[in-house]
Amino acid sequence: MPDIAIEQARHGSSIGQPLTRRDGLLKVTGGATFAADNRPEGMLHAVVAVSRIARGRVAHLDVAAARAHPGVVAVMTPENAPRLALDPDAKDNPFMFKLDLLQSDRVRYAHQPIAVVIAETLEAATEGAELLAPRYETEAPRIGLDGQTPHVPRTVGAGDKTSAARGDVEAGLAGAGRRIEAVYETPAQYHNAMEPHAIVAQWDGDRLTVDTPSQGMAMAQMRLAGLFGISPKNILVRSPFLGGGFGSKGFLSGPQVLGVMAAKLVERPVKLVLRREQMFGPVGHRAETRQTLRLGTDADGALTALDHHTLTATSSFDEFYEPASALSRYLYAAPALSTGHSGVRVDTGTPLFMRAPGEASGSAALEAAIDEMAEACGLDPLAFRLKNYAEAEPISGRPFSSKALRACYAEGAARFGWERRSAAPRSMRDAAGRLIGWGVGTALFPALMMQAEARAEIRADGTGTVAIGAHDMGQGAWTALAQIAADGLGIDLDRLDFRSGSSDLPNGGIAGGSAHTATAGSAIHAAAAAALAQLSDLATNDERSPLFGAGNAGVYARDGRLVRRDDAGRSESFTEILERAGRGSVSASGQGSPDPAARDSYAMHAHGAVFAEVSVDPDLGQIRVTRLVGAFAAGRIVNPRLVTSQYYGGMIWGVSFALHENALVDPRTGRVMNANLGEYHVPVNADVPSIEAILVEEHDPHVNPLGIKGVGEIGITGTAGAIANAVYHATGRRVRSMPITLDKLIA
Ligand code: MOS
């Protein structure tokens, strides 16, 4: 990266500002176009018919009845579905998921698409789909973690190690003065973004345009290119706004591809939108886990051993294993540590990355186990965490690139008033006699980086453009990345044309793994610096410029001017430099990617501490979260308002994880019984307590040149455990299966 970039990071004025969303007005006035808002000329509506059974085959569909319905144009079934250039069951990397695309009559999970009805109106398509009246040959579904023989997966998560260990855990446990062993369960959860998966697909010969929500447009483009046997260059994916993704829009799902196939079949543009209940199957979910934690300490409460094993479920036909034990590789110091996973195959859709995949479930269990261990040692849970604070990453032994977790504990505890906690369970009550409980959980999420490209241009009129196919799924990428772009170019935000959300722009990578700002931001920063370096060359090599002789490292950009570092009084505007050079503009590309050497040398994670207060009705077991304070350290904060919002969102999901979400599967049918937002509970305003997020200062010189870690997922981690621990503190009852509901509490 040119030297000018390093200077630029110091002199910017936009990064760090709590700006409101640049797309806020569009969103609240209905001006933001989401995928399903598109309506090209001649468009038809497609409705998916989904399977009522979880395993077997479709024996009969009344296609004739559906076709006879007025308005129905076509019925797509395995009989007439377009053949594909690539077997949708082919898989050559962990990011390639098998898709159900009507290539056979086989049913592998409930809510699997079994036909698509295409009609002039949505109503006709919906009614046509009802008329299909499928008959099945049904096999008994395999559901739940029991009943199948577990196997050891080759990898978990995104190609992570299935197991990792250090030291002799059995010896550490055997020699421990105090030990606990406990089993924690977390249920299947479904992403349930507000916007369902949707697509508007248009073919023009062998050119394809799709409007569809995507957290990874370039990957979607490649997936479509492979399936339809056309060049990625022939495919345009547009995704300017997403109504949430949480991981379920990271990869193109089967129903989205079915929309493209339907458009091919009828040779007209087609819109396909999933109904809410159809989201419970073909677009991923967080699989259930059963986690066994064994911990031992010496007489002083220092951990001697920690063992974390996760049993989880994947689909009968594909591979995704919730990496719930991985967190224990990063968090607490113990001379002996082991982490592992096993899996069973069940008849559900394939699980997928879901906000804080692994860490969310893993921390719900680990943080509760830490609480139990602290109590067994007679130590305050916060003091116990500090006693077992890892100064280096426990299994790898690498130093942390930065770790302000101590400050998170201190600042969070001070704000929450933790020192006033009385140690014994059931010892605190409010004025109304409800039991009060206080709990704490540690938050951690890896500071990942992926690959992205950006392009930057500076024009003679003093304006600039930054173009990157980045993704705003509601987290505020359009705002935060534009702030980085404005600073990178040294111009005001209102002089910046920020282009994003389309696959014909430079590949912005994926919005996932809490890595989008760090990755796309690094690409933008590099592109801007390269464009400035060209501008600097034009000035510093020209005797007529006040910057003559300064060199790239000797200038920075601010307010549309290049300024000498050693003499801020000597500067020249971008306009003067470009006009004198007879140039309309300069432009350059840049890359964002992790630095492999830094990542070999350092462990990189964001950290936090979440403090929760609950009140519990002593007779009815009704639980209310009344207060949450989270303190998080995640490197440089690009926009404190948006980051606070991310932490709120994460912590609210933590409430949801601890108390609400639970996909209930009928073991007889394999169907999710509560496949709707009335019965699949997520928090509403009344469930969201007083909530505070503290942005703890942290400078990280290693993670990337901008010092940015991720903030999107860490808020869930820590929170669910803190709430579970607070419920225990309030009631003296350990409920080790989430969600913690009143029936479990008073049972
Ligand atoms: Mo996230 S589960 O990486 O969108």
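Order of appearance sets the numbers: ligands from 1, and atoms from 1 within every ligand.
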Report yes if some N/O of [X] lies less than 3.5 Å from some N/O of ligand 1; otherwise report no.
{"X": "Q215", "result": "yes"}
{"X": "M354", "result": "no"}
{"X": "G247", "result": "yes"}

For this output row, return yes or no: ring centroids of Y321 and H151 closer than 6.0 angstrom. yes
Check for me whether [X] has a heavy atom closer than 4.0 Å to any atom of ligand 1.
{"X": "G245", "result": "no"}
{"X": "G250", "result": "no"}
{"X": "E713", "result": "yes"}

Using a strict cut-off of 4.0 Å, indicate which atoms of ligand 1 neighbour a heavy atom of G513. 1 (Mo), 3 (O)
Report, in ascending order of atom number, the atoms of ligand 1 lying under 4.0 Å from any heavy atom of P357. 2 (S)
Identify which one of E195, H471, Q215 satisfies the side chain to side chain donor-acceptor pair (under 3.5 Å) criterion when paired with K249. E195
Does atom CE (M222) have a neighbourhood of more than 12 heavy atoms from anything else shown, all under 6.0 Å? no
Verify whether one side chain among Q291 and H308 offers a donor that lies under 3.5 Å from an acceptor in the other. yes
Residue pair T339 / S328, side-chain donor-acceptor N/O under 3.5 Å: no
With heavy atoms under 4.0 Å as the rule, classify the contact between S514 and ligand 1 as side chain, backbone, both or neither. neither
Out of H516, H191, R355, indicate the one that has the non-hydrogen atom closest to atom 2 (S) of ligand 1. R355
So which atom in F657 and which in A360 form the shortest heavy-atom distance, rounded to 0.1 Å? CE1-CB, 4.0 Å
Can you classify the ring geometry of F317 versus Y109 as parallel (below 30°), tilted (30 to 60°) or perpendicular (above 60°)? parallel
